[in-house]
Asks: 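One structure follows; several queries about it will come next.
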Amino acid sequence: MAAAAGVSVKTVSRVINGEPGVRPALAERVLAAVAELGFRRNALASGLRSGRASATIGLIIEDLANPFYSTIAAAVAKVARGHDTHLITVSSEEDPALERRQFAELCQRRVDGLIIVPAGSDHAYTRSEAELGLKMVFLDRPPSGILADSVVVDNAAGAAAGVADLLAAGHRRIGVITDSPSVYTARERLAGVRTALAGAGVPYDDALVRTDVADPGRAARAVAAMLDGADPPTAFFTGNNRITVGAIQELCRRGHDAALTGFDDFELSALMPRPLTVVGYDVRELGRAAAARLFARIGGDASWPSETVVPTRLERRGIGS
């Protein structure tokens, strides 16, 4: 390359890496040689020279098909591009064993850092890589078994606000449908439900609570079972967007006018054929904040691990809202 352009190797390097101080005529000769010879920059070698392992980060999410996670991935990718870094995104499919395997595979690729949406409840297995210098940020749920940065939603406060809104509308029998309490977000949101009920002097009734609901089909069946009971709820609080979709399906099938508030906004919520309220938040900010924290660590930030909490807000959705 240097010989073809008639310049020194150092000049070629400065032109390719965009460094200042090269005369325009010399730069033009180098670029002409690049075009003629089909040169491609060796990102791995460049990364090694700069102290970076691969100029690549990894993102382990739960479900690539869920718009929530695809939005997070897009936000992380945008931050990564700003740092001239590639992003590898994989899905754990909510399987802790698969999460571990993907963690190991990404470490074998020598990524500079990882953002992890936990599927498992114990992340002590990541400690050895952290001690070797791998930077990690946990997203949506904090880790257990290791001290690390995390970026989470204000789950308890958001759920409390959603249920308090239903209570303020006069509802006293509120059906609550959530994922498994073993999941951090579901556990925090249930705590928020309890807080709101206690604040209004309404007893927490286990008969009005369904847990371990993980998909729209089971959510629809849970709503049906409660509505078919002797003293059905007049409103529902749903713990995530997939549960909300299932609840809407069953309420619309019956033409039932029970009030509905769900945690997480979702695509086309504004076009639902009935009013509903969602506990919304800036999903992109979740991904952006996690990526910004990771790159701060990669850049040398050695401060104590922190938790970033993204606030929530109530949003009216659906036709007629």
Side-chain angles (χ1 to χ4, degrees), residues 52 54-94 98-99 102-103 105-107 109 111-120 123 126 130 134-143 146 148-159 179 183-186 188-189 239-242 244 262-269 278-299 301 303 305-313 315:
R52 297 274 303 276
S54 61
T56 302
I57 61 170
L59 171 63
I60 303 177
I61 58 178
E62 285 202 350
D63 182 3
L64 285 168
N66 189 329
F68 172 81
Y69 292 114
S70 60
T71 300
I72 284 175
V76 172
K78 183 176 181 179
V79 175
R81 285 196 300 273
H83 289 268
D84 294 323
T85 298
H86 294 288
L87 173 67
I88 301 174
T89 303
V90 296
S91 173
S92 68
E93 300 174 14
E94 303 184 46
L98 180 55
E99 177 194 287
Q102 289 173 333
F103 176 86
E105 289 171 3
L106 288 168
C107 288
R109 290 175 177 266
V111 294
D112 298 317
L114 282 174
I115 297 173
I116 303 171
V117 178
H123 292 86
T126 66
L134 179 69
K135 310 305 179 185
M136 291 181 290
V137 175
F138 288 79
L139 178 61
D140 196 38
R141 305 164 191 173
I146 185 172
D149 296 304
S150 62
V151 178
V152 299
V153 174
D154 200 348
N155 293 285
D179 204 338
V183 176
Y184 167 81
T185 49
E188 288 289 298
R189 292 169 193 180
N240 63 43
N241 54 4
R242 287 167 59 80
T244 303
F263 211 108
D264 303 328
D265 204 350
F266 58 95
E267 192 175 14
L268 303 182
S269 63
V278 298
V279 181
Y281 49 91
D282 191 339
V283 179
R284 287 188 175 276
E285 176 58 16
L286 273 178
R288 189 211 65 78
R293 193 74 189 117
L294 182 63
F295 280 106
R297 291 297 189 190
I298 292 171
D301 184 343
S303 60
S306 65
E307 180 180 79
T308 301
V309 180
V310 174
T312 61
R313 59 187 179 271
E315 303 278 3

Asks: Just grab all the salt bridge (charged side-chain N to carboxylate O under 4.0 Å, His left out) pairs involving residues 56-80, residues at least two apart or on different chains.
Replies: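 Listed by first then second residue: Glu62-Arg141.
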Asks: Hey, could you give me the CD/CD1 distance between Glu99 and Ile61, rounded to the nearest 0.5 Å?
Replies: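 The CD1 atom of Ile61 is 12.5 Å from CD of Glu99, to the nearest 0.5 Å.
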Asks: Return the set of residues passing salt bridge (Lys or Arg N to Asp or Glu O under 4.0 Å) with Asp301 (not counting sequence neighbours), or none when no residue passes.
Replies: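 Salt bridge (Lys or Arg N to Asp or Glu O under 4.0 Å) check on Asp301 returns Arg293, Arg297.
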Asks: Taking only residues two or more places apart in sequence or in another chain, which ones pass salt bridge (Lys or Arg N to Asp or Glu O under 4.0 Å) with Glu188?
Replies: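 Testing Glu188 for salt bridge (Lys or Arg N to Asp or Glu O under 4.0 Å), a comparison that skips the adjacent residues, returns none.
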Asks: To check you understand the geometry: which heavy-atom pair defines the closest contact between Pro118 and Phe138, and what is its length?
Replies: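 Closest approach of Pro118 to Phe138, heavy atoms only: CG-CD2, 3.7 Å.
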Asks: Can you name the nearest heavy-atom pair linking Pro305 to Asp149, along with the distance?
Replies: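 Of all heavy-atom pairs spanning Pro305 and Asp149, the closest is CA-OD1, 3.3 Å.
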Asks: Do other residues, nucleotides or ligands put more than 12 heavy atoms under 6.0 Å from the CD atom of Glu267?
Replies: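 Counting other residues, nucleotides and ligands, CD of Glu267 stays at 12 neighbours or fewer.
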Asks: Check side-chain contact (heavy atoms from CB on, under 4.5 Å) between Ala77 and all other residues, then give those that pass, not counting sequence neighbours.
Replies: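 Here the qualifying residues are Arg81, Leu87.
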Asks: Which pair of non-hydrogen atoms, one from Leu98 and one from Ser92, has the smallest distance, and what is that distance?
Replies: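 So the minimum-distance heavy-atom pair works out to CD2-O, 3.2 Å.
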Asks: Apply the test side chain to side chain contact (heavy atoms under 4.5 Å, CB included) to residues Leu134 and Val111: give CA-CA distance (whole Å), side-chain angles for both, the deciding distance (0.1 Å), then the verdict.
Replies: CA-CA 8 Å; Leu134 179 69; Val111 294; 4.2 Å; yes
Asks: Checking Thr126 now: which residues fulfil side-chain hydrogen bond (donor to acceptor under 3.5 Å, both in side chains) with it, not counting sequence neighbours?
Replies: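 Thr126: no side-chain hydrogen bond (donor to acceptor under 3.5 Å, both in side chains) contacts found.
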Asks: Distance check, rounded to the nearest 0.5 Å: Leu286 atom CG versus Thr308 atom OG1?
Replies: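 Between atom CG of Leu286 and atom OG1 of Thr308 there are 10.0 Å.
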Asks: Which pair of non-hydrogen atoms, one from Pro311 and one from Asp154, has the smallest distance, and what is that distance?
Replies: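 Looking at all heavy atoms of both residues, the shortest contact is CA-CB, 4.4 Å.
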Asks: With sequence neighbours left out, what residues match Phe103 under ring pair (Phe, Tyr, Trp, His ring centres under 6.0 Å)?
Replies: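 For Phe103 the ring pair (Phe, Tyr, Trp, His ring centres under 6.0 Å) partners, ignoring immediate neighbours, are Tyr125.
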Asks: Got a second to check how far Ser150's OG is from Ile115's CD1, nearest 0.5 Å?
Replies: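 Between Ser150 OG and Ile115 CD1, I get 12.5 Å after rounding to 0.5 Å.
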Asks: Of all residues at least two apart in sequence or in a different chain, which pass the side-chain hydrogen bond (donor to acceptor under 3.5 Å, both in side chains) check with Arg313?
Replies: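 For Arg313 the side-chain hydrogen bond (donor to acceptor under 3.5 Å, both in side chains) partners, ignoring immediate neighbours, are Glu315.
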Asks: State which residues pass salt bridge (Lys or Arg N to Asp or Glu O under 4.0 Å) with Asp265; sequence neighbours excluded, sorted by chain then number.
Replies: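 So Asp265 forms a salt bridge (Lys or Arg N to Asp or Glu O under 4.0 Å) with Arg317.
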Asks: By side-chain contact (heavy atoms from CB on, under 4.5 Å), which residues pair with Ala130, not counting sequence neighbours?
Replies: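 Met136, Ile146.
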Asks: Just jot down the side-chain hydrogen bond (donor to acceptor under 3.5 Å, both in side chains) partners of Tyr184, sequence neighbours excluded, or say none.
Replies: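 Here no residue qualifies.
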Asks: If I compare all heavy atoms of Val310 with all of Asp282, which pair ends up nearest, and what's the gap?
Replies: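 Taking every non-hydrogen atom into account, CG1-O, 4.2 Å.
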Asks: Are Asp140 and Tyr69 close enough that some pair of their side-chain heavy atoms sits under 4.5 Å apart?
Replies: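 They are in contact (side-chain heavy atoms under 4.5 Å apart), so the answer is yes.
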Asks: Just jot down the side-chain contact (heavy atoms from CB on, under 4.5 Å) partners of Ala75, sequence neighbours excluded, or say none.
Replies: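 Counting only residues at least two positions away or on another chain, Ala75 forms a side-chain contact (heavy atoms from CB on, under 4.5 Å) with Arg284.
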Asks: With sequence neighbours left out, write down each residue that passes side-chain hydrogen bond (donor to acceptor under 3.5 Å, both in side chains) with Asp264, or none if nothing qualifies.
Replies: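 So Asp264 forms a side-chain hydrogen bond (donor to acceptor under 3.5 Å, both in side chains) with Tyr281.
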Asks: Does the Asp112 side chain pair with the main chain of Ile57, one donor and one acceptor, at a distance under 3.5 Å?
Replies: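 No; zero donor-acceptor contacts below 3.5 Å.
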Asks: Measuring only between side-chain heavy atoms, which start at C-beta, is Thr185 closer than 4.5 Å to Asn240?
Replies: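 The answer is no; the side chains never approach within 4.5 Å.
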Asks: Which value, rounded to the nearest 0.5 Å, describes the distance between Asn155 atom CG and Arg189 atom CZ?
Replies: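 Going from CG on Asn155 over to CZ on Arg189, the span is 4.5 Å.
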Asks: So which atom in Arg109 and which in Ile88 form the shortest heavy-atom distance, rounded to 0.1 Å?
Replies: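 Shortest heavy-atom separation between Arg109 and Ile88 comes out as CD-CD1, 3.8 Å.
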Asks: Just verifying a value: how many Å separate Thr89 OG1 and Leu106 CG, rounded to the nearest 0.5 Å?
Replies: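 Atom-to-atom, Thr89:OG1 and Leu106:CG are 9.5 Å apart.
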